[in-house]
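Values in this document were obtained by computation on a predicted structure and should not be read as measured data. Chain A is the first sequence line, chain B the second, and so forth, proteins listed ahead of strands; every chain is numbered from 1.
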2 protein chains.
Amino acid sequence: MSILVVGSVAFDSIETPHGKVQKCLGGAATHFALAASYFTDVRVIAVVGEDFGPEQEAVFTKRGIDTRGIEHANGLSFHWTGEYSGNLNEARTLGTDLNVFADFEPKIPEAYLDSEYLFLANIDPKLQAKVRAQMPHAKLVCGDTMNYWIADHRESLLEVLKELDVLLINDGEVRMLSGEHNTVRGAEKVLAMGPKSLVVKHGEYGATAFFGARAFPHAETTAKPFRAPALPLAEVVDPTGAGDSFAGGFYGYLASQPAVTPAAYRRALFYGGVMGSFAVERFGTERLQNVRLAEIEDRFKLFKEISHLEEHQGLGVA
Amino acid sequence: MSILVVGSVAFDSIETPHGKVQKCLGGAATHFALAASYFTDVRVIAVVGEDFGPEQEAVFTKRGIDTRGIEHANGLSFHWTGEYSGNLNEARTLGTDLNVFADFEPKIPEAYLDSEYLFLANIDPKLQAKVRAQMPHAKLVCGDTMNYWIADHRESLLEVLKELDVLLINDGEVRMLSGEHNTVRGAEKVLAMGPKSLVVKHGEYGATAFFGARAFPHAETTAKPFRAPALPLAEVVDPTGAGDSFAGGFYGYLASQPAVTPAAYRRALFYGGVMGSFAVERFGTERLQNVRLAEIEDRFKLFKEISHLEEHQGLGVA
C-alpha cells in the first residue's frame, strides 16, 4: 500500500573522518523515501528550490518514487552543513540554511489523498498536524520528531502525538519528553500522550518497540516490548540519514504487509535496521539508491543470525 | 563441570532511590558464585575478615557453593560504600575500605585443582595471573576487569589477557583498552591482545560477543558476532553486582554444557542477561539467593520472546 511522506528534501554538506561532500542530496523525506521504496509505493510532499534539478529528481524517479508532491519554489533548497568526529554518534551542525523550507506549507495533491500509510518526518509539529488533518482516512500514521520540538514547541508536539499510531523517538528524547530517567517508565508516559506504539532508537545498539493496549486492535493482550539489534559495524562512512533510513525500512515493510500484526511489526524493526545499516556505508544517499533486494534479504538473515538462538531443550525443568 | 572463581567477598553499603542498606553481603565473587550456582558446582577463593560469620557463610552453602577456599583473616572484610541516583547506570563510590583484601594472596586448596572452568573476577591482574598460573589444566579461563586496571596497571593486565579464553568488558573499557572509538574495531584490537572471545556489555542494551579465529577450535569459520538483549526493566532496585551476576549466569551455563560450542555460548549470553535481570530486583544478593529454576526458564523464554522473530517467507527474492 502507498506511503505518503512529508518532510525535508535538502542538500547536505558533510564532513566525516572518511571524507567530505558538498551539497549532496539529503533530507529526512529523501532518505525515508529511498529506503521505503524497496518495499512499497512512496509519495513525497516537500519543497525544493531552483538548485533541485533533473539530476536530483531522477534519484527519486529511478526508484519509482512519486514526486508530484514536491513543490518547486524560487530560491535555494534547505541546506544543512555538519560534521562528525570521534565515534560518529553525534553530528555537529555548522549551518542550517532553511531557504525555501522556511515558508514550507505542505500541499497534498489530489492523487495522494488515497494513501493509506502516512509518515510525518521530523518537521514543525504544526505542519505535521496540518498534513495529518488533511488525511483523515489514513490507515496508519507514524511520526518522527527531535529534541528541538520537544524543548521549544511542546504544546504543538503534544497535539500531534494524540494523532499518531507510531512514534519514532530516541532514548534522550524519551527522557526529555517524559521527564523519566528509566526508559520503560518513560515509554509508558509517552504512550499515555497518544501514540499507540513507540519505537525507541538506541543508535548502535538497535531499537526497542513499546506497545500500548490499542496497538493491535485484534490482539487479546498488550504486546510485550520487542528489541531489535543493530549490526555491529566496523566502518561508518556517513551516519547522516541513518534514522530516516531506519524509518523508511520499518514503515515501508509494514506498509507492504497485508496487516499490521505484532509479527509484521517486529520484522519491520529488523528491516529498519537493515536499511539503516546500508545507508551509512556511503556518503549521502549513494548506497540507498542502489541496493538489490537479494542484498536486503541477505542482510536481514544476517540480523537474525547475530541475534537468534538455535532451538534447544532448556534446563529441563517443568 | 566445576567453576573456580577468585575475587572479592565483601560487605556493601548502598543507597539507591529505592532505599538504603548497611553492610549487606556483596563482592564480585559472591554475586558471580550465587548466579552460577543455579547451573553448576562453584568453588570460591577469597579472603574475609572477622565480620564474616556463619550467617554470611550460609548464603553460600545453602546454594551448595564450596567455601573451603575462603580464607578467614584477622581484621574486617572489604567494605564498599556507594550510591546511585538518576538512571542508576553509574555508581558513585563513597568509600572503599580494602581491609583484609589489601593483602589478599589467593591460595588454591588441593581439592580445587581439578576445576575445569576458571573465572578471574575483577581484581589486581597480578593476582589473576598468579591464580591462572596455578591452574594449568583449566579447560576454559574467563576474566573480568575494570577501568582502573586498564588505566594504571596496563602492563600486568596485558599479561593476563594473553592467558584468557573469554574476556568480559564493557563499551567504555573497550575504548580505553584499544584506543578505538568504534566498538567493532576496538573489539578486534582487544582480541589481538590474547582473549579468544570477548563479551562486550552494553548495560541496559544487553551485550555483544566477538569471536577470534581460535574461539571454537572445531568450527570451520570464525563465528559471527552475537547480540544478546537485556530485559527492559521499569524498576531497578539496586544495580550492584549486575555485571557479576551476568558473568555467573553466562559462565555457569557454559560450564554446565557438554561442550563450548557457538550455540551454547550464545545461549549462555542469554542466561547471563537472565541472572543479571534477577539480581537488580532486590538489594544486595537477596534475589539471587532464592530463584527457582522454573523462574530462570520462564525469564529465558521471555528474553527470546522479546528478541526473536517468528518464521516467515522473506521478501520472496532468491
Engaged part of A:Y205 at the chain B interface, taking heavy atoms whose separation is under 4.5 Å: both

Region of A:I296 in contact with chain B, defined by heavy-atom distances below 4.5 Å: side chain

[X] versus chain A, heavy atoms under 4.5 Å apart: side chain, backbone, both or neither?
X: B:A209; value: neither
X: B:E180; value: neither
X: B:Y38; value: neither
X: B:F226; value: both
X: B:L269; value: neither

When [options] are compared by non-hydrogen pairs under 4.5 Å with chain A, the top option:
options: B:A263, B:P262, B:G206, B:S256; answer: B:A263
options: B:E204, B:R227, B:R175; answer: B:R227
options: B:T183, B:L233, B:I306; answer: B:I306
options: B:A230, B:G186, B:A223; answer: B:A230
options: B:Y271, B:F39, B:F210, B:Y253; answer: B:Y271

Test: B:R266 and A:E310 ion pair at under 4.0 Å: yes

